[in-house]
K.L.:
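What follows is a single structure, and I will ask about it in a moment.
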Amino acid sequence: MKRILLIEDEKNLVRFIQLELEHEAFAVKAAYDGKSGLALALQEDWDLILLDIMLPELNGLEVCGRIRAVKKTPIVMLTARDNVTDRVSGFDSGADDYIPKPFAIEELLARIRAVFRRIELESDAGHAQLAFGPVRVDLDARLVYRGEELVDLTKREFDLLVMFVKNHHLVLTRDMLLDQVWGFDSLVETNVVDVYVRYLRNKLDVPGEASCIQTVRGIGYVMR
């Protein structure tokens, strides 16, 4: 039975989500503030964490970042704040997905299933490395090198780079990148892709040289 930690301060919402998840055969434990939620997240092992952003004691972005610093537990953010800046902040903190309130329970369940499917696919992949030009990606260790230099990437930046390296010389549309990196049912808008491509360029490109990720006007991006 998969264990889910729910960190949310709205008690009626907690009870509703908990009942629905338990009906789907998940074991659910709840915390009502960021401080106690963080303690539970670090003390015990969870298959997934549902985390609100607006929490007493410690906000969800801070909780997410502290969890991600020591654990790889999948995190889905739950929040009423739904603009590009907030979504990018959530992903930068290490969230795997983001669902704005109010939401249908069917959508939340679909997001949870999608996260677990991605984890299963990653675990079945085995040890492998990808390379294109000076960029080398260790899929198992989730490390990226440019030449001999280690490049520090967030989880989302890493997943986006893998898409580019696996499909180098192929033009990828923003919608394709959203589907593969954020999930087909994600509510993230295409301009978030542009933000993350800029992040990758800043970390991978050499000043004075052409970017390894090039813009194809009106379509998307290509690595070549």
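Hydrogens, waters and symmetry mates are skipped; everything else that's a heavy atom, side chains included, is used.
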K.L.:
Under 4.5 Å between any side-chain heavy atoms of Ile213 and Val222, yes or no?
P.N.:
no

K.L.:
Check whether Val165 and Val171 end up in the same hydrophobic cluster, where Ile, Leu, Val, Met, Phe, Trp and Tyr are linked by side-chain heavy atoms less than 4.5 Å apart.
P.N.:
no

K.L.:
Does Thr73 offer a backbone N or O that forms a donor-acceptor pair with the side chain of Arg68 under 3.5 Å?
P.N.:
yes

K.L.:
I'd like to know if Lys155 and Asp96 make a salt bridge, using a cut-off of under 4.0 Å between side-chain N and carboxylate O.
P.N.:
yes

K.L.:
Do Leu161 and Val135 have side-chain heavy atoms sitting under 4.5 Å apart?
P.N.:
yes

K.L.:
If only atom types and distance count, is the side chain of Glu8 paired as donor or acceptor with the main-chain N or O of Glu10 below 3.5 Å?
P.N.:
yes

K.L.:
Is Met223 close to Met163 at the side-chain level, that is, under 4.5 Å between some pair of heavy atoms?
P.N.:
no

K.L.:
Describe, in one word, how the ring planes of Trp182 and Tyr196 are oriented to each other, choosing from parallel (under 30°), tilted (30 to 60°) and perpendicular (over 60°).
P.N.:
perpendicular

K.L.:
For a 4.5 angstrom cut-off between non-hydrogen side-chain atoms, does Val137 reach Phe158?
P.N.:
yes

K.L.:
Where do Asp205 and Cys212 come nearest, in terms of heavy atoms and distance?
P.N.:
OD1-N, 3.4 Å

K.L.:
For Ala27 and Met1, work out which heavy atoms get closest and say how close.
P.N.:
CB-SD, 3.5 Å

K.L.:
Please evaluate residues Lys29 and Leu40 with respect to the criterion side chain to side chain contact (heavy atoms under 4.5 Å, CB included), reporting the C-alpha separation (whole Å), side-chain torsions for both, the decisive distance (0.1 Å), and the verdict.
P.N.:
CA-CA 9 Å; Lys29 191 167 186 178; Leu40 279 172; 3.9 Å; yes

K.L.:
Quick check on side chain to side chain contact (heavy atoms under 4.5 Å, CB included): which of Asp97, Ile99, Leu13, Ile53 does Leu78 satisfy it with?
P.N.:
Ile99

K.L.:
What closest approach, in Å, do Pro56 and Asp33 show between heavy atoms, and which atom pair accounts for it?
P.N.:
O-CB, 3.5 Å

K.L.:
Side-chain contact, heavy-atom cut-off 4.5 Å: Arg156 with Val181?
P.N.:
yes

K.L.:
Is Glu149 salt-bridged to Arg136, going by a charged N under 4.0 Å from an acidic O?
P.N.:
no

K.L.:
Would you mind reporting whether Val206 and Arg146 have side-chain heavy atoms less than 4.5 Å apart?
P.N.:
yes

K.L.:
Any side-chain heavy atom of Leu150 sitting closer than 4.5 Å to one from Val144?
P.N.:
no

K.L.:
Would you check if the distance from the ring center of His169 to the ring center of Phe164 is below 6.0 Å?
P.N.:
no

K.L.:
Grab the two heavy atoms, one from Ile7 and one from Leu38, that are nearest each other, plus how far apart they are.
P.N.:
CD1-N, 4.5 Å

K.L.:
Donor-acceptor check, side chain of Asp52 to backbone of Leu55, threshold 3.5 angstrom: yes or no?
P.N.:
no

K.L.:
Surrounding CG of Asn12 (heavy atoms of other residues, nucleotides or ligands, distance under 6.0 Å), is the total greater than 12?
P.N.:
no

K.L.:
Is Ser211 reaching over with its side chain to a backbone N or O of Gln214, donor-acceptor style, under 3.5 angstrom?
P.N.:
no

K.L.:
For a side chain to side chain contact (heavy atoms under 4.5 Å, CB included) with Tyr221, tell me which candidate from Leu172, Leu200, Thr215, Thr173 qualifies.
P.N.:
Thr215

K.L.:
Might you point out which heavy atoms bring Ala95 and Met77 nearest each other, and give the distance in Å?
P.N.:
CB-CG, 3.4 Å

K.L.:
Hey, does Leu21 have a side-chain heavy atom less than 4.5 Å from the side chain of Leu109?
P.N.:
yes

K.L.:
Between the side chains of Arg3 and Asp47, is the shortest nitrogen-to-carboxylate-oxygen separation below 4.0 Å, so that they form an ion pair?
P.N.:
no

K.L.:
Would you list the pairs meeting salt bridge (charged side-chain N to carboxylate O under 4.0 Å, His left out) in which at least one residue belongs to residues 166-178, sequence neighbours left out?
P.N.:
Arg174-Asp194

K.L.:
For a salt bridge (charged side-chain N to carboxylate O under 4.0 Å, His left out) check, start with the C-alpha distance between Lys71 and Glu44, then their side-chain angles and the critical distance, and finish with the verdict.
P.N.:
CA-CA 11 Å; Lys71 286 193 170 186; Glu44 301 183 29; over 6 Å; no

K.L.:
Under 4.0 Å between a side-chain nitrogen and a carboxylate oxygen: does that hold for Asp138 and Arg142?
P.N.:
no

